[in-house]
Amino acid sequence: YDIQFKGSGKTAFSRNGDGRAALGPMLREYLISESMHYLNIPTTRSLAVVKTGEDVIREVPLRGAILTRVASSHLRVGTFQYIAARNKKDELEILLNYVINRHFPKILSSKNKALDLLKVVLEKQVDLVINWMRVGFIHGVMNTDNMSISGETIDYGPCAFMDSYDPKTVFSSIDKMGRYAYCNQPVITKWNLARFAESLIPLIDENQDKAVKAATEIINSFENKYEEKWLDMMRDKLGLSGKDEKDKFLFIDLLTWMHDKKMDYTNTFCHLMEDEIQKNKNYEDKDFKNWKLRWNERLKTNNNSPEKYLKLMKSVNPLVIPRNHKVEEALNAANLNDLKPFLKLLEILDLGENQHLVIHDWGCALGLMYARLNSDKIKSISFMEGIAVPLSWEKWPEVARKIFSLLRTDAGEELVLQKNFFVERLLFNDPITPMSDKDKEEYLKPYLDGGEGRRPTLTWPRNIPLDGNEPSETLDEVV
């Protein structure tokens with residue numbers, strides 16, 4: 001991973017800028033990038049925002065800040081354009097090999113690494129923009145410097161999530177022509193990829209005409225790849241199994257209705273998942289009811305069932321997004337030294353508030369305990385490995401006691417016990433097995449000796465039985 005300080009001062013690429021950043025935009029990137037992560041969208045992450053104590057001069061003086069950003073790398077399409085503009089093929093080849101070694105080692109033995117890199121990056125970018133469209137995200141400034149080669153969302157500027165569905169939605173005050181509007185994001189993605197292809201021409205083939213032809217064929221595959229993945233994404237959002245040639249019309253008719261009625265993009269899909277986030281009389285509209293009849297008929301095909309399609313829908317449709325007006329409220333308060341609204345919003349946007357927890361291992365006891373403690377927010381659980389077993393909350397006292405009994409100390413792990421460490425929160429606030437002050441003191445004593453303390457090692461069952469039987473297999477993990 002790369003660690004970058006955003007707003008720490010001028011670099012060789014700052015042009016006429018001062019390289020500084022204001023507190024509001026840095027907190028916005030922190031908030032939105034973390035939200036994207038919890039929405040399962042590839043993104044850079046934010047470690048910290050630190051105030052500098054200095055003012056940043058813009059239209060008015062603003063409080064300065066530095067964001068510590070983590071990324072798979074900060075290599076962008078613009079990086080290749082910069083090197084290509086120097087007309088030094090050897091430097092371009094060094095960059096190509098570095099990127100492949102770092103991000104795409106599977107194509108190291110390729111006969112034409114430049115051409116295969118173009119294919120891989122195109123696939124990555126199609127997947128990324130499909131994810132943006134899935135949640136109604138508008139990046140705002142999709143220039144080539146803001147397109148990461150690794151396929152992560154990077155550089156959160158005038159970005160936001162769409163409320164009422166309008167394909168022409170923009171949030172950048174300087175985007176007067178709608179170049180980076182929601183509906184144009186696939187188009188701009190292809191345009192950026194074409195600039196990437198131009199940079200690679202010297203490495204694709206010594207014969208420029210052949211190189212251009214080969215690169216053009218790949219770039220022109222964008223539309224078909226995007227449409228196919230967009231249709232699959234919409235099938236997931238609507239819980240549809242298999243494919244039907246009429247699906248595209250079903251999707252377009254829904255989006256057209258949403259646009260005509262100015263319906264909220266996120267909340268409409270919540271309504272279809274039977275989560276009534278916001279009541280709206282338009283859901284009683286005749287056209288919408290007729291559309292739902294067609295949708296319900298389509299849901300019945302390919303051995304689908306309510307359990308299957310609701311699980312699929314909940315895996316891709318967020319219940320909570322960082323609404324722009326709430327983000328602005330939080331940033332305004334932060335500028336007045338009140339971080340409580342910001343921290344509260346960050347907490348709400350955490351995975352638990354989206355009511356559907358995806359656990360990557362059936363043996364992830366911490367994930368199960370987290371679900372239990374947030375049962376008012378999380379209504380369903382799916383397991384990426386193993387068989388998904390519906391959990392009955394009535395069984396949780398038995399399961400919780402079994403898990404708690406497996407907690408043990410391990411003096412060999414010199415890890416810091418954070419103030420809000422999960423097990424501390426779990427045991428001190430658990431409604432099933434509340435701890436007395438004396439028990440808390442006894443529990444913390446082994447970890448607090450020596451000042452910083454230690455985190456415990458957890459031993460948990462790989463298969464957590466709900467029938468009272470003992471687990472057949474255990475797995476040690478340091479948390």
Notebook entry, point to check: Taking only residues two or more places apart in sequence, or in another chain, which ones meet Y309 in a ring pair (Phe, Tyr, Trp, His ring centres under 6.0 Å)?
Noted result: none
Check: So which pairs with a foot in residues 126-146 pass ring pair (Phe, Tyr, Trp, His ring centres under 6.0 Å), sequence neighbours left out?
Finding: W132-F137, W132-H139, F137-F161
Next item on the list: Find out whether L23 and L62 are in side-chain contact, i.e. whether some heavy atom of one side chain is under 4.5 Å from a heavy atom of the other.
Entry: no
Checklist line | Within-4.5 Å side-chain heavy-atom neighbours: D145 and D155 | finding: no
Check: Measuring from K326:NZ to N324:CG, what's the distance to the nearest 0.5 Å?
Finding: 12.0 Å
Check: Side chains of D2 and R102: does their closest heavy-atom pair fall under 4.5 Å?
Finding: yes
Note to self: Does L117 form a side chain to side chain contact (heavy atoms under 4.5 Å, CB included) with K113? I'd like the steps, not just the answer.
What the structure shows: CA-CA 6 Å; L117 178 63; K113 290 191 282 190; over 6 Å; no
Item checked: Note: K281-E284 ion pair, threshold 4.0 Å (strictly below) -> no
Checklist line | Neighbour count above 12 (heavy atom, 6.0 Å) for Q208 CD | finding: no
Check: Does a salt bridge link E123 with K229, judged by any charged N lying under 4.0 Å from a carboxylate O?
Finding: yes
Next item on the list: With sequence neighbours excluded, tell me which residues meet ring pair (Phe, Tyr, Trp, His ring centres under 6.0 Å) with F5.
Entry: none
Notebook entry, point to check: Can you tell me how far CE of M233 sits from CZ of F251, rounded to the nearest 0.5 angstrom?
Noted result: 9.0 Å
Check: Hey, does T189 have a side-chain heavy atom less than 4.5 Å from the side chain of V126?
Finding: no
Notebook entry, point to check: Is there a donor-acceptor contact under 3.5 Å from the side chain of D116 to the main chain of I107?
Noted result: no
Notebook entry, point to check: Quick one: ring pair (Phe, Tyr, Trp, His ring centres under 6.0 Å) pairs with a partner in residues 183-207, sequence neighbours left out?
Noted result: F80-F196
Next item on the list: With sequence neighbours excluded, give me every salt bridge (charged side-chain N to carboxylate O under 4.0 Å, His left out) pair touching residues 236-245.
Entry: none
Next item on the list: Would you sort out whether D285 and M263 count as a side chain to side chain contact (heavy atoms under 4.5 Å, CB included), showing the intermediate values?
Entry: CA-CA 12 Å; D285 177 74; M263 297 301 292; over 6 Å; no
Item checked: Pairs touching residues 210-224 that satisfy side chain to side chain donor-acceptor pair (under 3.5 Å), sequence neighbours left out -> K190-E223
Check: Do the charged groups of K300 and E297 touch, with an N to O distance under 4.0 Å?
Finding: yes
Next item on the list: Take the angle between the ring planes of W295 and W291 and call it parallel below 30°, perpendicular above 60°, tilted in between.
Entry: parallel
Checklist line | Short side-chain to backbone donor-acceptor contact, E29 and L67, under 3.5 Å | finding: no
Note to self: Can you tell whether the side chains of D18 and R58 come within less than 4.0 Å, N to carboxylate O?
What the structure shows: yes
Next item on the list: Keeping the roles fixed (side chain from K124, backbone from S148), state whether a donor-acceptor pair exists under 3.5 Å.
Entry: no
Check: Does any donor atom in the side chain of Y156 or T44 lie under 3.5 Å from an acceptor atom in the other side chain?
Finding: no
Next item on the list: Output yes when D287 and K261 qualify as a salt bridge under the 4.0 Å nitrogen-oxygen rule, no when they do not.
Entry: no
Note to self: Students often mix this up, so state it plainly: with edges at 30° and 60°, are the rings of W257 and F288 parallel, tilted or perpendicular?
What the structure shows: parallel
